[in-house]
Amino acid sequence: MRIELYTPQPKELWFRQKLLADPETMSYNKGCGLDMPTYHNDTGCIDFPEEAWADWYARWVNNGRERFYAYLREGETGKFAGEVNLFQTEGPGVYEMGIVLHSACRGKGYSKEGIHLLLNHAFGELDAKKVTNCFEPGRAAALRIHQAAGFQVLKEEEGLLHLEVTKEAYGRVEG
């Protein structure tokens, strides 16, 4: 692997702020109409001011089995490339995942590696039963990467593909 999961320190949340403020990185989020006062529908960006970092960090980082958050970090250079997260949705063992790769780091295979690192953590460290994700059907590269990791499309509803991978299905892909 050329990247690794890295738990950021609170002072390193500048990178998350940078990700969320970059229109090219957040273009997938443009026009989604999220009901958040910090969301910008015209760019997809989300404000993440420094005064919000401590509360956000306490909720997301090192939060037992309910939530997991990490940066994707280049192993050789130590540079941050993106972020991943997991959070319980339907009770113990069921997680929804997220991955955001900085636009400058796309096209290098980091998304594929990042999803595998995240699923290894989910099924290994958190003993997840299944991991879900959803996104727009037009995101063909995201769909290919998810399917290569064992995700199956469950349904398309309200303009989103809903996918899941079970521990067993992921084990067959990895094995």
Side-chain angles (χ1 to χ4, degrees), residues 3-8 12-13 15-36 38-40 43-48 52-53 55-73 80-90 93-103 105-106 109-126 128-154 157-166 170:
I3 59 169
E4 61 191 5
L5 296 178
Y6 171 78
T7 303
E12 293 172 316
L13 290 179
F15 178 70
R16 182 166 203 277
Q17 183 183 52
K18 178 181 174 178
L19 276 178
L20 296 177
D22 180 48
E24 192 172 345
T25 296
M26 298 302 291
S27 63
Y28 74 92
N29 212 26
K30 183 178 178 178
C32 289
L34 300 178
D35 187 21
M36 300 169 46
T38 57
Y39 169 73
H40 301 275
T43 62
C45 294
I46 299 171
D47 297 332
F48 188 53
W53 294 5
D55 288 342
W56 184 91
Y57 194 89
R59 184 170 180 223
W60 278 94
V61 180
N62 299 321
N63 202 335
R65 293 191 173 283
E66 291 180 26
R67 294 178 184 270
F68 172 77
Y69 178 85
Y71 284 166
L72 296 174
R73 183 172 74 170
F80 301 137
E83 67 177 15
V84 292
N85 68 73
L86 294 161
F87 58 95
Q88 283 186 358
T89 55
E90 302 169 23
V94 181
Y95 292 87
E96 186 167 331
M97 63 152 286
I99 181 169
V100 177
L101 200 62
H102 191 275
S103 60
C105 296
R106 292 182 180 150
Y110 289 168
S111 290
K112 181 178 178 181
E113 289 181 32
I115 286 176
H116 282 287
L117 288 168
L118 187 62
L119 292 177
N120 286 339
H121 183 83
F123 295 128
E125 302 298 317
L126 300 177
K129 297 174 189 133
K130 70 178 174 178
V131 175
T132 66
N133 201 358
C134 64
F135 48 83
E136 301 77 19
R139 294 177 57 197
L143 180 58
R144 278 192 307 275
I145 291 165
H146 280 72
Q147 288 177 321
F151 279 86
Q152 299 293 313
V153 176
L154 298 177
E157 184 176 81
E158 297 181 18
L160 293 174
L161 292 176
H162 294 263
L163 302 94
E164 82 171 24
V165 61
T166 62
Y170 182 66

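Every value quoted in this text rests on a predicted model; they were computed, and no experiment measured them. The residues of the chain are indexed from 1 along the displayed sequence.
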Could you tell me the separation between the CG atom of Leu86 and the CG atom of Leu119, rounded to the nearest 0.5 Å?
-> 7.5 Å
Carefully, step by step, assess Glu96 and Cys134 under the rule side chain to side chain contact (heavy atoms under 4.5 Å, CB included).
-> CA-CA 9 Å; Glu96 186 167 331; Cys134 64; 4.3 Å; yes
Solution key, residues 26-33 side-chain donor-acceptor pairs under 3.5 Å, sequence neighbours excluded:
{"residue": "Ser27", "atom": "OG", "partner": "Glu24", "partner atom": "O", "Å": "3.1"}
{"residue": "Asn29", "atom": "ND2", "partner": "Gly44", "partner atom": "O", "Å": "3.0"}

If you take all heavy atoms of Ala81 and Leu101, which pair is closest and at what distance?
-> O-CD1, 3.4 Å
Closest approach of Ile115 to Ala149 (non-hydrogen atoms, all atoms of both residues) = CG2-CB, 3.9 Å
List the steps, then state whether side chain to side chain contact (heavy atoms under 4.5 Å, CB included) holds for Tyr71 with Arg16.
-> CA-CA 9 Å; Tyr71 284 166; Arg16 182 166 203 277; 3.8 Å; yes
Nearest 0.5 Å, what's the CG-SG distance between Leu20 and Cys45?
-> 8.0 Å
To the nearest 0.5 Å, what is the distance between OG1 (Thr132) and CD (Glu90)?
-> 6.5 Å
Any donor-acceptor pair under 3.5 Å from Tyr170 side chain to Lys130 backbone = no
Would you check if the side chain of Arg65 reaches a backbone N or O of Ala128 as a donor-acceptor pair within less than 3.5 Å?
-> no
Taking the side chain from Arg106 and the backbone from Thr25, do they hold a donor-acceptor pair closer than 3.5 Å?
-> yes
Are there more than 12 heavy atoms of other residues, nucleotides or ligands under 6.0 Å from atom CD of Glu136?
-> yes
Identify the two heavy atoms, one from Gly159 and one from Pro137, that lie closest to each other, and give their separation to 0.1 Å.
-> O-CD, 3.3 Å
Distance, nearest 0.5 Å, that separates CZ of Phe135 from CG of Leu143 | 5.0 Å
Check whether any side-chain heavy atom of Ile3 lies under 4.5 Å from a side-chain heavy atom of Leu117, and answer yes or no.
-> yes
How many angstroms lie between CZ in Phe15 and CG in Leu72, if you round to the nearest 0.5 Å?
-> 8.5 Å
Heavy atoms, side chains only, cut-off 4.5 Å: are Val84 and Met97 in contact?
-> no
With His121 via ring-ring contact (aromatic ring centres under 6.0 Å, His included) - residues at least two apart | Phe68
Mutual orientation of the aromatic rings belonging to Trp60 and Tyr69 [parallel < 30°, tilted 30-60°, perpendicular > 60°] | perpendicular
Salt bridge (charged side-chain N to carboxylate O under 4.0 Å, His left out) partner of Arg73, the single match among Glu83, Glu4, Glu113 = Glu4
Taking every non-hydrogen atom, the tightest pair across Ser111 and Ile99 | O-CD1, 3.8 Å
Straight-line distance of Leu5 CG to Asn120 CG, nearest 0.5 Å | 8.5 Å
Derivation of the side chain to side chain contact (heavy atoms under 4.5 Å, CB included) call for Val153 and Gln147 | CA-CA 8 Å; Val153 176; Gln147 288 177 321; 4.0 Å; yes
Counting only heavy atoms not in Glu12, do more than 12 sit closer than 6.0 Å to its CD atom?
-> yes
If every non-hydrogen atom of Asp22 is compared with every non-hydrogen atom of Ser103, which pair is closest and at what distance?
-> OD2-OG, 3.2 Å
Would Leu13 and Trp56 count as a side chain to side chain contact (heavy atoms under 4.5 Å, CB included) if you check the C-alpha gap in whole Å, the side-chain angles of each, and the deciding distance to 0.1 Å?
-> CA-CA 10 Å; Leu13 290 179; Trp56 184 91; 3.8 Å; yes
Between Phe48 and Trp53, how do the two ring planes meet: parallel, tilted or perpendicular, split at 30° and 60°?
-> parallel
